[in-house]
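Remember, it's 1-based here, ligands and their atoms both numbered in the order they're listed.
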Amino acid sequence: MASKPSADLPIIDLTRPDAEIAKQITDGAIKWGFVYVRSKGLGFEKSYLDGAFDLARKFFHSDYEVKQEVACGKEYNPGGSGWSGPGREVLDPEFQKRGDYKEGMTFNEFPGGNPGQKIPSTLDNPEDKGALIGYHATFREVCMKILELFAIGLEIPEEEGGKDWFTSRHDPSKGTSGSNLRFCYYPTFSDQQAKSFDPTSVRASSHTDFGTITILFQLPGQPGLEVLNPQNEWEPVAIYPPGTEEDEFPPIVMNIGDLLSYWTEGVMKSTIHRVSIDPHANLDRYSIVYFSHPVGTTELVTVPSPVVRQALIEKGPVNRAKTAKDHVLSRLDDVFGAAHTRLGGAKPMEAIKSSAIAV
Ligand SMILES: O=C(O)CCC(=O)C(=O)O
Ligand SMILES: [Fe+2]
């Protein structure tokens, strides 16, 4: 594959003072919708993340029966949780000829420490379940820090909630949310698959994320993520952008989802991205993603920010669902429902929608 120049995304160093980085990260969210967040200062070690990737590998290398038992859409796997096998997801329903070349395993929240879904039998032991709860909590904290910086960067007045404006709407004590932790696995192509490769195929087709923000962990030597730049060209997201090569592990990739874009009247960009594949490159790819969502009952009112107010005056309000939960339901239908019917695949599964978020 000819190598294209990587996207020139801002790199945020969380060890710098809040006032300085709040502006930097907010500007990045407005311009690109994607930024890197350097791992230094987050309070976890490389071994901690390695442990998460080990869990992912353990699951994806389980027998087919183990995966099938926790397949997405079963009545005990609400809200898009569980395993989605190769081809199950159609992220770009308008253009895609076939489902994505990937597998995913999604863990919804663990309210009160209990899973609201069936845990795969290979991970259904106290140690692995405890680790999953821990990763949920740790990644959630990273997102809360970023959302606090956005509230500062958007200059939300103190009397409206100030730096807590977003985080208070993500407070688990106020109800459940669509936040979820996802292991992704993009297996190497067999020679046969490489030969019959359809050049329009990708590992994850172009899409935007549903929630407020997404954080993504990548592994060295496993590229593929690309963002659509303002000129409508795909640009790779480097694993180690310039200046971070010596870091213990790659910086986190943070991107804005649809909900935060709605909330900010389009000021923050929910940027289209995808995972491309070189069918002849002999490598598996793993990634770990945490999708942050507000509490399901949260109303998607306009953020009280002077920056957002200005956009509202200039462009008018953007279309959106009324609550966070309504939005997630409609996006789940896009990915798992209508497209499958059109492609002649599995029917939409009511179980996915019926209890997407138990609010
Ligand atoms: O695996 C990746 O790098 C990106 C995955 C992604 O965009 C998603 O799951 O929404
Ligand atoms: Fe995504």
Undergrad: If we set the cut-off at 4.0 Å for heavy atoms, which region of R274 has an atom near ligand 1: side chain, backbone, both, or neither?
TA: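 For R274, no heavy atom sits under 4.0 Å from ligand 1.
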Undergrad: Between K102 and ligand 1, does any nitrogen or oxygen pair lie at a separation below 3.5 Å?
TA: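 In fact, backbone or side chain, K102 has no N or O that close.
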Undergrad: What side-chain hydrogen bond (donor to acceptor under 3.5 Å, both in side chains) pairs are there with at least one residue in residues 214-223, not counting sequence neighbours?
TA: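 As it turns out, the side-chain hydrogen bond (donor to acceptor under 3.5 Å, both in side chains) pairs with a partner in residues 214-223, which skip direct neighbours, are D209-T214, Q218-R285.
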Undergrad: Report the distance from atom CD1 of I133 to atom OG1 of T138, rounding to the nearest 0.5 Å.
TA: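 Going from the CD1 atom of I133 to the OG1 atom of T138 covers 11.5 Å.
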Undergrad: Near Y186, which atoms of ligand 1 are under 4.0 Å from a heavy atom of that residue?
TA: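 So the answer, numbered in order with elements, is 1 (O), 2 (C), 4 (C), 5 (C).
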Undergrad: Any non-hydrogen atom of Q218 lying under 4.0 Å from ligand 1?
TA: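 It does not; every heavy atom stays at 4.0 Å or beyond.
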Undergrad: Can you tell me which portion of T214 lies within the under-4.0 Å heavy-atom range of ligand 1? Options are side chain, backbone, both, or neither.
TA: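 Near ligand 1, T214 shows nothing, with every heavy atom at 4.0 Å or more.
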Undergrad: Determine the interplanar angle of the Y48 and Y135 rings, folded into 0 to 90°, and report it as parallel if under 30°, tilted if 30 to 60°, perpendicular if over 60°.
TA: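 Ring orientation, 0 to 90° scale: tilted.
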Undergrad: Going by chain and residue number, what protein N/O/S atoms come nearer than 2.8 Å to the Fe ion (ligand 2)?
TA: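 Within the sphere that stays under 2.8 Å of the Fe ion (ligand 2), the protein atoms of type N, O or S are H207 NE2, D209 OD1, H273 NE2.
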Undergrad: Is R182 close enough and on-axis enough to F291, meaning under 6.0 Å and within 45°, for cation-pi?
TA: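 Not flagged: R182 not positioned over aromatic ring of F291.
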Undergrad: Assign the ring pair F44 / F249 to parallel, tilted or perpendicular, where the plane angle (0 to 90°) is split at 30° and 60°.
TA: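 It falls in the parallel class, under 30°.
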Undergrad: Pick, from R285, H273, Q222, E226, the option with the minimum heavy-atom distance to atom 7 (O) of ligand 1.
TA: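 Among R285, H273, Q222, E226, the closest heavy atom to atom 7 (O) of ligand 1 comes from H273.
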Undergrad: Test of understanding: with side chain to side chain donor-acceptor pair (under 3.5 Å), list the residues that count as partners of R274, not counting sequence neighbours.
TA: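 Partners of R274 by the side chain to side chain donor-acceptor pair (under 3.5 Å) criterion, ordered by chain and then number, come out as E226.
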Undergrad: Could you pull out all residues at least two apart from R38 that satisfy side chain to side chain donor-acceptor pair (under 3.5 Å)?
TA: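 Once residues adjacent in sequence are excluded, the partners of R38 under the side chain to side chain donor-acceptor pair (under 3.5 Å) criterion are D247.
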Undergrad: Does one side chain, of Q310 or E314, offer a donor that lies under 3.5 Å from an acceptor on the other?
TA: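 Yes.
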Undergrad: Between H327 and Y262 (judged by ring centroids, cut-off 6.0 Å), do the two rings come close enough to count as a pair?
TA: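 Ring centroids of H327 and Y262 are less than 6.0 Å from each other.
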Undergrad: With only distance considered, is R182 within less than 3.5 Å of ligand 1 through an N or O on each side?
TA: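 Looking only at distances, the answer is no, because the N/O contact criterion of under 3.5 Å is not met.
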